[in-house]
Number of protein chains: 2
Amino acid sequence: MPPGTSDVVPSAVASQRVADSLRELILSGQLMAGTRIRQEDIAIQLGASRLPVREALRILESEGLTTLKANSGAWVSRVDLEECRAIYKIRERVEPLALQESIPHLTARDHAELDRIQDEIENVTDVETFLVLDRELHRLTYSACQIDLLLSMVQRFWNTTQHYRRAYSTITRHERQWVINAEHRLLIDAMKRRDIEDAERVLIGHIRRTRHELEQHPELFEHPHRVDDQGYPSTRNL
Amino acid sequence: MPPGTSDVVPSAVASQRVADSLRELILSGQLMAGTRIRQEDIAIQLGASRLPVREALRILESEGLTTLKANSGAWVSRVDLEECRAIYKIRERVEPLALQESIPHLTARDHAELDRIQDEIENVTDVETFLVLDRELHRLTYSACQIDLLLSMVQRFWNTTQHYRRAYSTITRHERQWVINAEHRLLIDAMKRRDIEDAERVLIGHIRRTRHELEQHPELFEHPHRVDDQGYPSTRNL
DNA sequence: TGTTTAATGGATGGATCCAATCACCGATGC
DNA sequence: GCATCGGTGATTGGATCCATCCATTAAACA
């Protein structure tokens, strides 16, 4: 199963359980980017030994959610503007492939579901539910892609930029929502027509526009009002 | 430092040291795809405890080089034809971006070095050195790309398909070498002209052609003449 | 004889303990 | 007063031991 998928039944392996819990804490925003993670704290908090926590931190590091530094500690990964731009540029290349591989296998039922979700998106006011729905919409567009490796890559990108999508949506969603809606509708239409080229073009534009708008809000990447993260490792071991 | 880079000075952290050693063993072909890895064997062989080996296996799993199954064991990742095709399809999308980001920052010195390597490639007869040179050439074309995340992704793809490039080159390199040479020369020329579009097009063709030729040699992915790999886990936890 | 079940062996996962490393803080010397 | 050096505390990394799980094998029953 690709990482990031929240298991309904908790994994029997403690490392996976811990990783799942931590991932949930990070993605939900309860663990802010840049906060330090002490192994023992987590171990106590989740009722496990430190060893599974160590392995969980490794797992999450491979997903890009945590950053480890030898003999120093672990932090919730902080994505600066430069890295965020990079991720979006990669997404502009990778997600169209997922779409291409998915479109031929999507059914009419899927198309209807896409319409339904977009209807919901256009009616929602809450930011948090918008994030969930938006992600669900795009996930569905890729869902019939058979390349697991690709899907988990995409999921990873979405996970690591989750914080900033939330922050950005909070700021400018209301005035720019119509653009998102238009793009989503065009995307869904192209998918229904199974016009892969067109769908890819719309999707690329969708991601690229978001990147450009993100680039105009560098304040989102200023270190937020946190003080308890003692020292942030400068070395990114990616 | 991106994974896969062989450290000159051995890392002080045992897990990293073990991971480096194992990676070298796998990439050099001394540990064949599909062979089981027993934690204790490696621990003894490398003079460490089982714990760093466990963490090393996690690290390598995140690089796609090993496959772990809970309560069962670890294996050197085996890439079937389907997954190999997938990786190449992703490479066709991702590597052009690395190229695009690199071309503007490459110097005349780099261009000369590219020519030199290609000269060597056209004179070499040994398969193993061809593999090294070919990889070095492409690495150099991407070397000025500033997106570390992208470079480590590319490196990962090259690592996981290393076995099959070796096997494929062994078979058909002699009769198809002229195609590779032509593509390399065209690529280098476009790069010198800093014609990003053209360079991307050549590169896409280069990767795509290789994929198509790989697809016509499914026998490379038949389980090789090994017997001591007891059972291969069907679940890919990517 | 084929199938199912139970037992055993081996390998992995987890917990605890110990060592090494780093960061912080104070003292000392310039 | 500032910088450098050394000590101390906290946190992570590693080793060993124990529990758990899986696979294989053998045996017993249909």
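In the text below, chain A, chain B and the rest are named by the order of the sequence lines, each starting its count at 1.
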Starting at [atom1] of [X] and ending at [atom2] of [N], how long is that distance when rounded to a whole Å?
X	N	atom1	atom2	value
B/Arg17	D/dA15	CZ	P	9 Å
A/Glu55	C/dG14	CD	P	6 Å
B/Gln16	D/dG14	CD	C1'	15 Å
B/Gln39	D/dT16	CD	P	15 Å
B/Lys69	C/dT12	NZ	P	13 Å
A/Arg38	D/dG13	CZ	C1'	17 Å
A/Leu51	D/dT12	CG	P	13 Å
B/Ile44	C/dT12	CD1	C1'	15 Å

[X] vs [Y] side-chain heavy atoms within contact, under 4.5 Å:
X	Y	answer
B/Gln30	B/Thr35	no
A/Lys89	A/Arg85	yes
A/Leu106	A/Ser143	yes
B/Asn159	B/Leu65	yes
B/Tyr168	B/Thr161	no
B/Arg165	B/Trp158	yes

In terms of side-chain heavy atoms of [X], which of [options] is nearest?
X	options	result
A/Pro52	C/dG14, D/dG14, C/dT16	C/dG14
B/Arg36	C/dT12, D/dG14, D/dT12	C/dT12
A/Asn71	D/dT11, D/dG13, D/dC17	D/dG13
A/Ser15	C/dG13, D/dG14, C/dG14	C/dG14

So what does the secondary structure string of DNA chain D come out as, 5' to 3', with Watson-Crick or wobble pairs under 3.5 angstrom, [ ] for crossing and | for pairs with another strand? ||||||||||||||||||||||||||||||
Need one value for A/Ile37: base, sugar-phosphate or nothing, where a base atom within 4.0 Å counts as base even if backbone is also close, heavy atoms only.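 Sugar-phosphate, backbone atoms only, no base.
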With a 4.0 Å cut-off on N to O distance, would you call A/Glu136 and A/Arg139 a salt bridge?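 A/Arg139 and A/Glu136: salt-bridged.
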D/dG14 base / B/Arg54 side chain donor-acceptor hit below 3.5 Å: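 No, the side chain and the base share no sub-3.5 Å donor-acceptor pair.
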For D/dG13, does the base pair up with any side-chain atom of A/Arg50 as donor and acceptor (N or O, under 3.5 Å, distance only)?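 Indeed there is one.
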